[in-house]
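So that the names make sense, note that chain A is the first sequence line, chain B the second, and so on, each numbered from 1. Computation of the quantities below employed the complete heavy-atom set of this structure, encompassing side-chain atoms and omitting hydrogens, waters and symmetry-equivalent molecules.
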Amino acid sequence: MSEQTANRVFNTVNFIVLTIATLLCLAPFIHILAVSLSSPGPILSGKVNLIPVEINFESYKQVFTDSSMIRSLGFTVMLTTLFTVLCMIMTIAAGYPLSKRKLRGRKLLMTVVVITMFFSGGIIPEYILVRSLNLLDTIWALVLPGLINPFYLIILITFFNNIPESLEESAEIDGSSHFRTLIGIILPLSLPVIATLSLFYAVGRWNGFQDTLMYINSPELYPLQLKLYQLIQNNMITDLLAAEGAGAVAKLVPEGLKAASVMFATVPILLVYPWLQRYFVNGVMIGAIKG
Amino acid sequence: MLGNTKRNGMAMVSVILAVLLLFTACSSNSNSNESGGSSGSESGQRVTLKIEVFDRGNSPAGSTITDNYLTRYVQENFGDPNNIDVEFVPVPRSEEVEKLNVLMASGSDVPDIVFTYDTNTFNRYASQGGLTDLAPLLEEHAPNLTAFLGEDILQYGLYEGTQYAVPAKRSQVGKYASFIRQDWLDKLGLDVPKTTEELYEVLKAFKEKDPGETGGQVIPLAMTVANAQYEPLIWSFIEPLTEEQSYTLTQTLGSNDYPTLLPGFKEALQFMNKLYNEGLMSRDFALDTDKKKLGEDVSSGKVGFFSEDDVNPFYENGMYATLQKNVPGATLAAVDVYLNPEGKYAKPMYNPNGMYIMVPKSSNRAVEAIKYLEWMATDDHLFHMQNGVEGENYTMVDDVPVAMENQTEEALNRLYNSGDMAIISNGKQLGSEELNLRARAMQFPKEYQDIVAIAQELANTDLIEPVVLSRPIDAQTKYGTTLQEKFKEMLVKTTMAKPDQFDNVYETMMKDYMASGGQAILDERTAVYQEMQSK
Amino acid sequence: MSSKVYFRRYWQLYALVMLPLAFFIIFKYGPMYGIQIAFKDFNFFQGIQGSEWIGFEAFREVFGMRDFYLTLRNTLMLNFLDLVVSFPAPIILAILLYEMRTVWFKKLSQTILYIPHFISWVIIGGIAAQVFGTQSGMINNVITSLGYEAIPFLTEKNIWLVTYLLIGVWQSAGWGTIIYLAALTGINRELFEAASIDGAGRMKRIWHITLPGLKPTIVMLLIINLGHLITIGFDRPYVIGNLAVREYSDVLSTFVYRIGLQSGQYTLATVVGLFQAVVGLVMVLSANYISKKLTDEGIM
């Protein structure tokens with residue numbers, strides 16, 4: 001088999017494999033979309049797969065006319081942005097010094113970090129801490145306790161470590177301060193990993209709601225995922241409705257509305273990655289080294 | 001270099017320690033709250049009463065869970081006249097126990113009125129000494145509430161003889177009814193089955209003749225792992241019990257009685273096994289924990305027979321409505337078929353109490369808390385909170401408030417959280433069970449009110465009373481959650497076993513169940529029973 | 001280098017690390033006094049400080065529970081299988097994407113592949129039942145219409161294992177590629193050009209250039225994964241698992257949920273957590289040590 005045929009075979013196989021994988025990953029999303037566009041009857045009888053049955057836009061109308069949903073979206077965008085920016089600043093501030101192998105006390109600091117990957121105080125002392133810092137029911141309760149994820153910090157350190165030390169040394173010899181080396185040389189070389197970690201932090205914050213269940217009481221500070229969780233959970237506890245004597249007064253949340261809410265809460269964050277892909281440019285580093 | 005690292009290290013360790021100590025000190029302070037029922041409102045000062053409220057995330061536009069028609073109603077009619085600011089503290093319904101635990105453990109911000117449906121949580125709080133004894137307060141401040149609940153209900157709020165909770169009152173205690181496709185019976189010329197054997201024959205006919213023309217997809221008996229589907233079947237196999245047997249062999253897990261050790265249980269499992277292996281029962285019942293599949297199967301017309309919470313199939317756009325839309329001419333009949341050895345259609349019932357309403361010991365507003373409950377039980381406040389405004393939300397028909405059709409959006413939104421706000425009652429209270437049931441049926445679409453009435457009647461026939469012991473069983477609190485799961489696992493595994501493996505699987509699962517706490521409960525209950533006898 | 005010179009040169013690095021250090025001390029180490037719950041008979045109303053010391057009694061209780069060993073075994077088993085199956089998947093996928101020359105297709109599939117990560121497990125569970133159900137699951141509908149026996153994808157424990165693993169791959173592989181794709185941008189493309197001039201085949205190039213480029217990332221993730229062999233998320237086994245396969249699907253997290261949160265026995269839950277933490281830390285340090293010896297790569 002010649003080089004060229006082998007190449008072509010590889011490309012074809014690659015294309016097929018990726019196409020199948022892509023379709024598999026897309027299918028459930030299409031399913032949710034189909035449910036969100038179908039009428040309650042077919043949904044309840046399990047007839048909706050990938051194509052909407054008895055199409056209607058009622059669910060979306062409900063989502064988009066619910067002012068609390070729109071407000072929640074706004075709040076979530078703000079929360080996620082604030083969180084991501086602060087997290088990245090903190091993580092870089094910790095990651096750069098810790099990537100310096102000659103830094104004294106580095107090993108100890110790393111141990112401090114690694115321990116927190118495994119040990120935690122538990123939900124009660126964490127709640128008491130947030131309360132005693134007067135953060136309860138504020139946006140900061142959702143930001144400050146998660147500022148540095150030790151796992152992400154280690155990823156960043158690994159990437160920093162791969163930057164040729166010669167670059168920094170030459171900068172140092174030029175008399176550049178560490179701050180300037182970091183901002184002028186290291187960060188521009190690290191755009192892909194910075195984009196990656198920003199995405200990780202942003203998605204983690206966007207999808208996380210467990211802390212809001214504990215720390216937040218005011219509806220204006222409800223992130224989208226919390227509202228979504230309540231909608232979905234509502235189904236889990238309908239069993240209790242009868243037991244709780246709520247009777248027909250309590251309304252069940254229709255599946256269609258749930259699906260529409262899922263779309264509403266998911267699509268915005270899905271759009272972040274395509275936007276970040278521009279920072280995944282090949283050879284950033286090479287160019288820099290040459291220049 | 002080395003020395004330096006060490007010194008840095010020491011400094012850091014000491015900083016960490018100092019911070020730890022600091023937090024330790026803070027947290028120990030916060031728990032030294034004085035208990036008591038002192039009353040600020042009597043001294044003329046305006047005080048704040050904090051009341052827990054379930055948040056189900058279903059507040060309509062314009063309302064929030066802490067500010068809506070009912071919270072304003074409470075503030076205006078209870079708060080303002082008594083110089084009290086009523087503040088509602090939302091607790092997510094699905095994280096109810098977790099959040100309450102954290103609030104309690106953190107020692108402050110605890111609402112003055114908290115509640116839970118979970119018997120174990122109530123027992124735990126009571127046994128750890130965290131609740132206020134409400135008996136003197138009830139006597140002094142709450143004659144109407146005491147009369148409304150009655151001795152019967154109040155006893156559910158006792159923990160070792162002390163009134164640590166005010167239990168809510170249930171408007172009716174019926175749980176389950178069974179339903180059969182009447183049109184299938186008619187088509188096959190069969191009578192409504194009246195016994196378990198007759199049911200078995202009918203199920204076989206459903207499978208063989210497939211009257212619904214489902215193309216081999218027929219599910220003669222729909223089953224899930226939710227209580228409503230398997231309990232009616234299983235309890236009908238339980239043999240008549242002596243007093244001693246029912247006290248010692250029953251296992252109360254959560255707030256339900258479980259028949260694991262009762263005579264007849266094995267036969268019940270055997271029957272399930274037979275139905276499963278002959279293809280008469282949902283194959284994937286083990287996956288259906290939230291009855292979603294049940295709903296799909298029934299409403300797409302595949303199911304011949306099923307048991308369910310008496311009113312559940314009849315919600316607007318619910319199971320039955322969808323079935324009739326999908327399969328024109330489909331009719332359900334509410335029936336009783338599981339005849340027990342005594343000749344009764346025995347089935348479990350709800351405890352007559354609803355949730356446990358508690359006042360934490362750390363609260364300084366115990367008096368106001370009880371006054372709030374008393375207020376709710378007085379005059380027509382409860383009625384108003386459950387039914388809204390006459391002429392806008394309901395009209396009275398034969399002593400029963402009937403929800404009006406074409407209510408304005410504003411009127412409808414008044415009552416979205418009424419079940420969670422009217423905490424002293426579960427369901428509408430109209431003075432008698434008959435009226436309560438009638439009112440309940442009236443909440444359903446007109447065309448279903450007749451069958452709802454029948455289903456309710458069946459649900460209230462031949463009820464098996466919950467077994468109440470003289471004191472709480474610690475082992476039940478401790479192992480309850482685990483054993484509930486073991487019980488269901490046993491149900492699933494024995495049912496799905498090959499017939500010749502049944503005994504084997506049953507023995508193994510039973511051994512596991514007993515070793516995981518079943519035996520401990522049995523021993524403790526036996527001891528308590530002997531105690532009761534010797535008195 | 002004398003300390004004085006050293007600090008004059010490096011004080012900026014210490015200044016940078018101060019704020020993060022404060023964060024770790026306050027928010028991570030601050031609440032750690034909660035660990036003492038493991039050695040106390042925790043009472044909600046006495047609080048953490050006020051509860052009585054019981055020494056190792058709770059440890060004895062946990063280590064005496066049958067379910068503890070069952071769930072421990074399952075946790076290790078599921079995580080190990082995941083390591084074998086799910087860990088390499090994103091690496092392969094990332095390389096395939098990297099090798100894809102059609103740019104629009106590459107970008108599109110990259111974006112779609114990570115969608116499953118955004119669908120919550122509750123919803124995945126619902127879809128899994130629809131797809132893999134025995135009676136009317138989509139796959140079995142096809143199988144039975146071809147005249148074959150339905151396959152119990154979810155209710156027979158060994159088949160369930162496969163289903164569980166595949167769902168895991170499906171859910172995490174696309175998301176996992178992101179970090180590898182970031183790492184791949186660091187590879188010098190000129191090396192490829194040099195290689196193709198040498199006449200190295202596609203596979204050879206992947207083997208000798210691409211994979212070594214990913215090595216630091218792979219080693220780091222592997223070490224961290226080894227450290228977490230004993231911890232497992234709650235949602236996936238809980239949602240994909242069911243009563244028929246509880247022998248395999250019941251894991252430490254569901255066990256802790258049951259005894260700790262649902263039954264309010266925080267002491268027992270803390271004991272299990274502490275056990276997992278100690279084992280995890282030991283594992284990660286050992287893995288790091290071994291890796292340093294073998295490959296000179298490590299996380300610290």
Select, from [options], the one with the greatest count of heavy-atom pairs under 4.5 Å involving chain C.
{"options": "Asp512(B), Val102(B), Asn101(B), Thr121(B)", "answer": "Asn101(B)"}
{"options": "Val492(B), Val97(B), Leu491(B)", "answer": "Val492(B)"}
{"options": "Ala515(B), Ser516(B), Gly480(B)", "answer": "Ala515(B)"}
{"options": "Thr495(B), Asp118(B), Thr482(B)", "answer": "Thr482(B)"}

With a 4.5 angstrom heavy-atom cut-off, could you sort out which part of [X] is near chain C: side chain, backbone, both or neither?
{"X": "Asp288(B)", "answer": "neither"}
{"X": "Ser282(B)", "answer": "both"}
{"X": "Tyr125(B)", "answer": "both"}
{"X": "Gln484(B)", "answer": "neither"}
{"X": "Lys478(B)", "answer": "both"}
{"X": "Asn120(B)", "answer": "neither"}
{"X": "Ile219(B)", "answer": "side chain"}
{"X": "Lys493(B)", "answer": "side chain"}

Next item on the list: Kindly determine whether Lys486(B) and Arg246(C) satisfy side-chain contact (heavy atoms from CB on, under 4.5 Å), including the steps that lead there.
Entry: CA-CA 9 Å; Lys486(B) 297 265 177 202; Arg246(C) 210 169 151 271; 4.0 Å; yes

Margin query: For a quick test of reading the model, state the closest non-hydrogen atom pair linking Glu296(B) to Gln130(C) and the distance between them.
Written below: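 Scanning both residues, the minimum pair turns out to be OE2-NE2, 4.3 Å.
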
Next item on the list: Quick one: closest heavy-atom pair of Phe44(C) and Arg124(B), and the distance?
Entry: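 Closest heavy-atom pair between Phe44(C) and Arg124(B): CE1-CD, 3.7 Å.
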
Heavy-atom cut-off 4.5 Å, strictly under: side chain, backbone, both or neither for [X] against chain B?
{"X": "Phe42(C)", "value": "both"}
{"X": "Gln135(C)", "value": "both"}
{"X": "Arg66(C)", "value": "side chain"}

Next item on the list: Specify which of Asp250(C), Thr144(C), Thr134(C) makes the most heavy-atom pairs with chain B at under 4.5 Å.
Entry: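 Going by pairs under 4.5 Å, I would pick Thr134(C).
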
Check: Highest number of heavy-atom pairs under 4.5 Å with chain B: which of Val245(C), Asp67(C), Ile259(C)?
Finding: Asp67(C)

For atom [atom1] of [X], decide whether the heavy atoms of other residues, nucleotides or ligands shown that lie under 6.0 angstrom number more than 12.
{"X": "Met18(C)", "atom1": "CE", "result": "no"}
{"X": "Tyr238(C)", "atom1": "OH", "result": "no"}
{"X": "Asp296(C)", "atom1": "CG", "result": "no"}
{"X": "Tyr289(C)", "atom1": "OH", "result": "no"}

Check: Donor-acceptor pair, Asn242(C) side chain versus Leu287(B) backbone, under 3.5 Å?
Finding: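 Side chain of Asn242(C) to backbone of Leu287(B): no pair is present.
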
Are any non-hydrogen side-chain atoms of [X] and [Y] less than 4.5 angstrom apart?
{"X": "Arg283(B)", "Y": "Pro152(C)", "value": "no"}
{"X": "Lys302(B)", "Y": "Ser136(C)", "value": "yes"}
{"X": "Glu98(B)", "Y": "Tyr257(C)", "value": "yes"}
{"X": "Glu485(B)", "Y": "Leu243(C)", "value": "yes"}

Checklist line | Atom pair CZ (Arg258(C)) and OG1 (Thr481(B)), whose distance is rounded to the nearest 0.5 Å | finding: 8.5 Å

